[in-house]
Structure formats: structure tokens, C-alpha cells
Trainee: 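For reference, the structure I am asking about is given below.
All residue numbers refer to positions in the sequence shown, counting from 1. Every number for a ligand or one of its atoms is a count from 1 in the order of the listing.
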Amino acid sequence: MTVGILGGGQLARMIALAGIPLGQEFIVLDPSAEAGAVRLSRLLQGAYDDPALLEKMAQQASIVTYEFENVPASAAEYLTAHTTIYPPAKALQTAQDRLVEKQHFQSLGIQTAPFAAVDNLNDLTQAMSSIGYPAILKSRRMGYDGKGQVVIQSAGELADAWQAMQDAPSIVEGFIPFQREVSIIAVRRANGDTVFYPLSENTHKGGILRVAHCQADDPQQIAAENYVSKLMESLDYVGTIALELFDVNGQLIANEFAPRVHNSGHWTIEGSETSQFENHLRAILDLPLGSTQSVGYSAMVNFIGDVPPEASVLAIPHAHLHLYDKLPRKGRKVAHATIRCDDERQFNDSLNALHALATQFDDS
Ligand code: AMP
């Protein structure tokens, strides 16, 4: 069977790596001939909304999925009409707009930060009387890795903050004084079968994920599973999903979800019996889902901007390196490494060593 993927970056590459043993072939649509998945798939090179390329995709792929949520609406509509696209278009539409997303959480009884829609400076000024300082102003669309966001500390910063948004429809949110950020990754099949991975505790710097650490027996596991179950059911979800949450004094507050495989689940390649990538394929191909049982302790560290020499990563006991075939560039995720180990002390030693190495090469 041929699986089509919109986007040919590292997520598509890891989906293909998981799918080849299952006998799948891949075709990716990406503007770049150097995209990370092209070694493992056929490439349709061009714009995501190019009608001729979408037609080819619909003809050549039995099922289409995507590795990023900013898929143009016209592409999602075309593929929905001409083939099967999973996760369903409704999940994309909800995740693409931070306001729609937060309203959707609210309608399901999923806690969020206080928020308000902002289309001009007047809206922003009025909203702040109920939201309070500090707050974060975010563009409703096309934001990722902290891009299109401004923190507002006081009323004197409102005009500059609004100007920075360049009139983009926005949302203002109360700043959540969280103790930690976590995400839950879950996978649902069309018949409703669902599996959950253990929570991942995530550390960000400059809005970019740095470390994702698998949490065994986390006290918030069940609460997170309840939230993500409601979310998946409401969207008739099929595939892997990631729900990002703030933990504030033991209470979970939803920040956003990604209707796709997610960076905070890369440790599942070595750290789980079945990875998020393989389970994504099993779900969209309507195959039985695999066990999400953890295999020892695991955590992942991203390499941002540049990658250390392979030998220095692989010299760390229990390290597994994943290169993305991407050219070094400031702030760009170019590779990651996972530590997986049965012994807790050895695991911590290796994770500390990997973290120190990644920090040394981190250019941001
Ligand atoms: P986002 O693009 O919404 O994932 O935001 C990127 C990062 O900014 C998050 O991972 C948090 O570290 C931080 N952040 C976003 N929204 C809030 C909020 N309402 N309160 C506190 N921190 C936030």
C-alpha cells in the first residue's frame, strides 16, 4: 500500500522508517527536494496547495496523512473529497486556529488559561481587565515553537505588543504559573480502540522543546488520559495525537494539541514496545494498535541549530542518534538523541551527559 504524507521533514521520515517493515511505501508532498524523508519515499515537489500535485497524491496514495497542522484548507478539502485523509479534517481545522482550539477545549470541559479573541488594540485593552498581567498574545494561526507570541507584563506594553502582531487575528491568554509542562500522546483507531503513552515531561527554551522525559506512574496520567479521550472522541479522531498541558499544583490546563506524531514522543522509538510512528500507521491503516508499554527509562534531547559529531553522541552509553538530513540553521531542529536504559542511575548519568553535549552545540 502507498501512504501519502503532506510534508517531508523528520516526522515523515520517522513515519516512513516505521512503515517500511510493515510493507508500506511512501509518497511525500514537500516544497523542498532536500526534505528529510525523500531518501525513503517518492517526492512530489511543490506547494502544499498545488492542485496538480494533490491530484497525483490522491491517485497514487491509498491513504493520506500529514506531519504538520498548517495544511492549507483547500488541500485538506480536496483530499477529503478524493481520498481518505487521517487524522480527519475537523482535527486540522480545530488545531489550526488557537481560538477555535481553546473554545473546543472549553466545550469539552477541558481546563484552559483564561483567553479572549483580539482583532485590534481596543479588544486587547478591554480583554486585559479580565485576563490580568502577565499575559501572552499569540497569533491565532501559523504559530509554532513560540513564534508569533509576545509576553505582556503591564498596560504600558499593550500598544507595542499589538503592533508586533501586524494586525494578525490573535488571542490573548493569561500567563499560567505552571510547575511543569507535560504532554500525553495517544492513538485512536476508527473503531474507537485507543492506546495511551505514559506522560512526557517537557522542557522548553525560547519556545522550542529541548528535553522530553518519559514519566512512569505519573500522578496526572489518568487526568491527562481523560482529557485526550474526550478530545479524540469529539473529533472522530484516527491516528496519533499529542495534547500539551501545564501542570499547576496538580491541576492540568490544556495549552494546545497537535493532530499528528509529536516531538515529545520521539523517545517512544526506543522507549516503548510500539513507537508513536508505528502506531500512527497502524491506526490510519486500520490495523490493531500495538502495546505502549515502556521499555525501561527513556528521555529525548533535541539538537537545535547544529549536531555534535556522531561519535561524541554515540560514546554516551545507551544513546541512540537520529539525524534528520537537515542543514544546520539557527533555531532549527536538526536531530535528536534518546537515552534508553533499564538502570535508573546509569540512565540519569547518560541523560546528564547528553544534555551537556546538546547545550554545548545549541546555537539559540
Ligand atoms: P505554544 O506555541 O502555545 O506551544 O507556546 C510555546 C511555549 O510558551 C509553551 O510551551 C510554554 O512554555 C509557553 N506558554 C504558552 N502559553 C502559555 C501560557 N498561557 N502561560 C504560560 N506559558 C505559556
Side-chain angles (χ1 to χ4, degrees), residues 11 67-70 91-92 94-106 110-118 124 127-128 130-154 157-158 161-162 164-166 168-185 199-213 215 220 224 227-228 231 241-266 299-302 304 331-333 336 362 364:
L11 299 181
E67 63 148 22
F68 66 110
E69 51 272 46
N70 293 317
L92 260 179
T94 308
Q96 277 178 351
D97 183 328
R98 290 185 192 274
L99 181 64
V100 175
E101 182 182 39
K102 288 263 177 350
Q103 288 167 336
H104 191 75
F105 285 147
Q106 225 175 24
I110 296 176
Q111 291 265 1
T112 66
F115 65 90
V118 171
L124 179 59
M128 289 314 296
S130 57
I131 303 252
Y133 296 94
I136 304 194
L137 184 62
K138 303 178 178 178
S139 61
R140 282 171 57 176
R141 292 180 167 272
M142 302 301 276
Y144 68 97
D145 285 350
K147 293 189 172 66
Q149 298 190 10
V150 192
V151 176
I152 309 173
Q153 300 288 358
S154 67
E157 295 175 11
L158 289 179
W162 176 246
M165 303 315 281
Q166 298 179 330
S170 299
I171 178 174
V172 65
E173 294 176 18
F175 192 91
I176 302 295
F178 55 81
Q179 276 87 45
R180 57 180 192 145
E181 293 189 74
V182 296
S183 57
I184 181 145
I185 294 185
L199 283 192
S200 176
E201 190 174 306
N202 305 324
T203 310
H204 295 82
K205 200 178 104 196
I208 304 175
L209 180 69
R210 307 293 159 146
V211 182
H213 193 154
Q215 304 295 297
Q220 304 302 333
Y227 273 0
V228 79
L231 181 60
I241 194 169
L243 175 62
E244 295 188 69
L245 302 148
F246 302 129
D247 182 349
V248 196
N249 304 320
Q251 196 191 357
L252 292 182
I253 294 185
N255 179 32
E256 60 181 358
F257 76 94
R260 54 171 169 80
V261 290
H262 194 253
N263 194 177
S264 67
H266 290 359
M300 175 225 67
V301 175
N302 272 335
I304 313 291
R332 194 179 206 198
K333 292 173 183 168
H336 78 264
D362 185 339
S364 54

Trainee: Please list, in number order, the atoms of ligand 1 under 4.0 Å from a heavy atom of Ile136.
Mentor: 14 (N), 15 (C), 16 (N), 17 (C), 18 (C), 22 (N), 23 (C)
Trainee: Which atoms of ligand 1 are found less than 4.0 Å from any heavy atom of His204?
Mentor: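 Reading through ligand 1 atom by atom, the close ones are 10 (O).
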Trainee: Which of these, Gln149, Glu173, Glu101, has its nearest heavy atom closest to atom 19 (N) of ligand 1?
Mentor: Glu173
Trainee: With a cut-off of 4.0 Å, which atoms of ligand 1 are near a heavy atom of Lys138?
Mentor: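 Listed by number with element, the hits are 3 (O), 15 (C), 16 (N).
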Trainee: Select one of side chain, backbone, both or neither to describe which atoms of Asn255 lie under 4.0 Å from any atom of ligand 1, heavy atoms only.
Mentor: side chain
Trainee: With sequence neighbours left out, write down each residue that passes salt bridge (Lys or Arg N to Asp or Glu O under 4.0 Å) with Glu173, or none if nothing qualifies.
Mentor: Lys102, Lys138
Trainee: Any side-chain heavy-atom pair from Ile304 and Arg210 closer than 4.5 angstrom?
Mentor: yes
Trainee: Can a donor-acceptor pair be found between the side chains of Ser200 and Ser264 at a distance below 3.5 Å?
Mentor: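 Note: Ser200 and Ser264 side chains miss the donor-acceptor criterion.
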Trainee: Look only at interatomic distance and state if Ile176 has a nitrogen or oxygen under 3.5 Å from any nitrogen or oxygen of ligand 1.
Mentor: yes
Trainee: For ligand 1, is Gly174 a contact, meaning one of its heavy atoms is under 4.0 Å away?
Mentor: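 Yes.
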Trainee: Out of all atoms in ligand 1, which are within 4.0 Å of some heavy atom of Arg98? Include the element for each.
Mentor: 1 (P), 2 (O), 3 (O)
Trainee: Working to the nearest 0.5 angstrom, can you tell me the gap between Ile110 CD1 and Leu245 CG?
Mentor: 8.5 Å
Trainee: Can you name the residues that form a side chain to side chain donor-acceptor pair (under 3.5 Å) with His213, not counting sequence neighbours?
Mentor: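 Partners of His213 under the side chain to side chain donor-acceptor pair (under 3.5 Å) test: none.
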Trainee: Classify the ring geometry of His336 against His266: parallel below 30°, tilted from 30° to 60°, perpendicular beyond 60°.
Mentor: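 Tilted.
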Trainee: So if I count the atoms of ligand 1 from 1 in the order they appear, which ones are less than 4.0 Å from some heavy atom of Glu181?
Mentor: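 Reading through ligand 1 atom by atom, the close ones are 9 (C), 10 (O), 11 (C), 12 (O).
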Trainee: Consider ligand 1: state whether an atom of it lies below 4.0 angstrom from any non-hydrogen atom of Glu244.
Mentor: no
Trainee: Is the number of heavy atoms from other residues, nucleotides or ligands within 6.0 Å of CD (Gln179) greater than 12?
Mentor: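 Yes, CD of Gln179 has more than 12 neighbouring heavy atoms, counting only those of other groups under 6.0 Å.
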